Amino acid sequence: MSTNPLPECGVARFLTLLEGPWATLVVRELLHGPHRFTELRAALPRISPHTLTSRLRRFETYGLVTRTAYAEIPPRVEYRLTPLGESLGPVLETMAEWAATVPDPADPASSSPDSGISPAPRTRSDGH
């Protein structure tokens with residue numbers, strides 16, 4: 001895998017490292033401890049093997065995950081978050097807390113005035 005330099009902007013760097021919709025979900029599963037490839041596939045049933053392999057390799061490249069192959073018959077490979085990868089735990093918790101505050105447009109109860117969420121005031125783009 002060819003690696004390009006990471007962006008200097010922290011948000012852009014985060015999005016580059018955790019690119020794609022499955023990346024954060026793979027990390028979420030690995031926060032529970034080491035997993036084998038098949039265990040990750042079972043926990044994320046709609047992920048393709050190609051996508052899972054791609055995400056795990058990317059995480060290995062950037063030091064978020066370690067891959068350990070055990071010399072057993074049949075061979076066993078485990079993926080584990082490194083301390084850097086584990087430091088994403090609070091980030092994902094904060095993302096989940098924030099997401100829980102977003103009203104669901106399909107649920108009339110979540111957008112009611114009693115939901116505790118009010119829209120941001122509108123501002124004009126011309127500064128007025």
Side-chain angles (χ1 to χ4, degrees):
M1 168 189 281
S2 156
T3 58
N4 295 321
L6 290 172
E8 288 187 33
C9 168
V11 173
R13 183 177 287 231
F14 177 88
L15 293 173
T16 298
L17 290 169
L18 295 172
E19 171 189 23
W22 291 105
T24 51
L25 298 176
V26 171
V27 171
R28 179 195 67 189
E29 293 306 315
L30 290 172
L31 283 167
H32 300 292
H35 281 64
R36 296 173 75 168
F37 188 88
T38 54
E39 293 170 335
L40 288 168
R41 289 271 333 268
L44 304 166
R46 293 189 332 227
I47 194 169
S48 73
H50 173 79
T51 298
L52 180 55
T53 298
S54 171
R55 296 304 174 265
L56 290 168
R57 284 183 181 160
R58 179 179 200 81
F59 293 162
E60 277 186 89
T61 299
Y62 289 105
L64 301 175
V65 166
T66 58
R67 178 185 185 274
T68 305
Y70 296 93
E72 300 174 349
I73 308 254
R76 178 171 56 108
V77 176
E78 284 186 342
Y79 297 90
R80 175 187 308 263
L81 290 175
T82 64
L84 179 62
E86 288 175 352
S87 71
L88 285 165
V91 174
L92 296 187
E93 287 175 23
T94 301
M95 288 171 57
E97 289 170 9
W98 177 84
T101 68
V102 176
D104 182 351
D107 180 5
S110 74
S111 60
S112 70
D114 298 326
S115 68
I117 300 171
S118 59
R122 293 184 181 238
T123 57
R124 291 176 36 179
S125 61
D126 61 3
H128 293 90

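These numbers come from a predicted model, not from an experiment. Both backbone and side-chain heavy atoms feed into the values below; hydrogens, waters and symmetry mates do not. In what follows, residues are counted from 1 in the order of the sequence shown.
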Indicate yes or no: at least one non-hydrogen side-chain atom of [X] is less than 4.5 angstrom from one of [Y].
X     : Y     : result
Val27 : Val91 : no
Phe59 : Leu81 : no
Leu88 : Phe14 : yes
Thr94 : Trp98 : no
Leu30 : Tyr79 : yes
Val26 : Ile47 : yes
Ser48 : Trp22 : no

Least distance between heavy atoms, [X] atom then [Y] atom:
X     : Y     : value
Pro75 : Arg36 : O-NH2, 3.7 Å
Pro90 : Ser87 : CD-O, 3.4 Å
Pro34 : Glu39 : O-OE1, 4.2 Å

Requested in this report: Run the numbers on Arg67 and Leu56 for side chain to side chain contact (heavy atoms under 4.5 Å, CB included), then give the verdict.
Outcome: CA-CA 9 Å; Arg67 178 185 185 274; Leu56 290 168; over 6 Å; no

Distance in Å, [X] [atom1] paired with [Y] [atom2], rounded so as to fall on 0.5 Å steps:
X     : Y     : atom1 : atom2 : result
Thr82 : Glu86 : OG1   : CD    : 7.0 Å
Leu92 : Arg28 : CG    : CZ    : 9.0 Å
Arg57 : Leu52 : CZ    : CG    : 10.5 Å
Glu19 : Arg58 : CD    : CZ    : 4.5 Å
Arg46 : Thr51 : CZ    : OG1   : 12.0 Å
Glu78 : Thr66 : CD    : OG1   : 9.0 Å

Using a 3.5 Å distance criterion without hydrogens, assess whether the side chain of [X] forms a donor-acceptor pair with backbone atoms of [Y].
X     : Y     : value
Arg55 : Thr24 : no
Ser54 : His50 : no
Thr16 : Leu6  : no
Arg13 : Glu8  : no

Query raised in the report: Who passes side-chain hydrogen bond (donor to acceptor under 3.5 Å, both in side chains) against Glu97, sequence neighbours left out?
Result: none

Report task. Could you tell me whether Arg80 atom CZ has more than 12 heavy atoms of other residues or ligands within 6.0 Å of it? Result -> no

Requested in this report: Please check if Tyr70 and Val65 belong to a single hydrophobic cluster, counting links between Ile, Leu, Val, Met, Phe, Trp and Tyr side chain heavy atoms closer than 4.5 Å.
Outcome: no

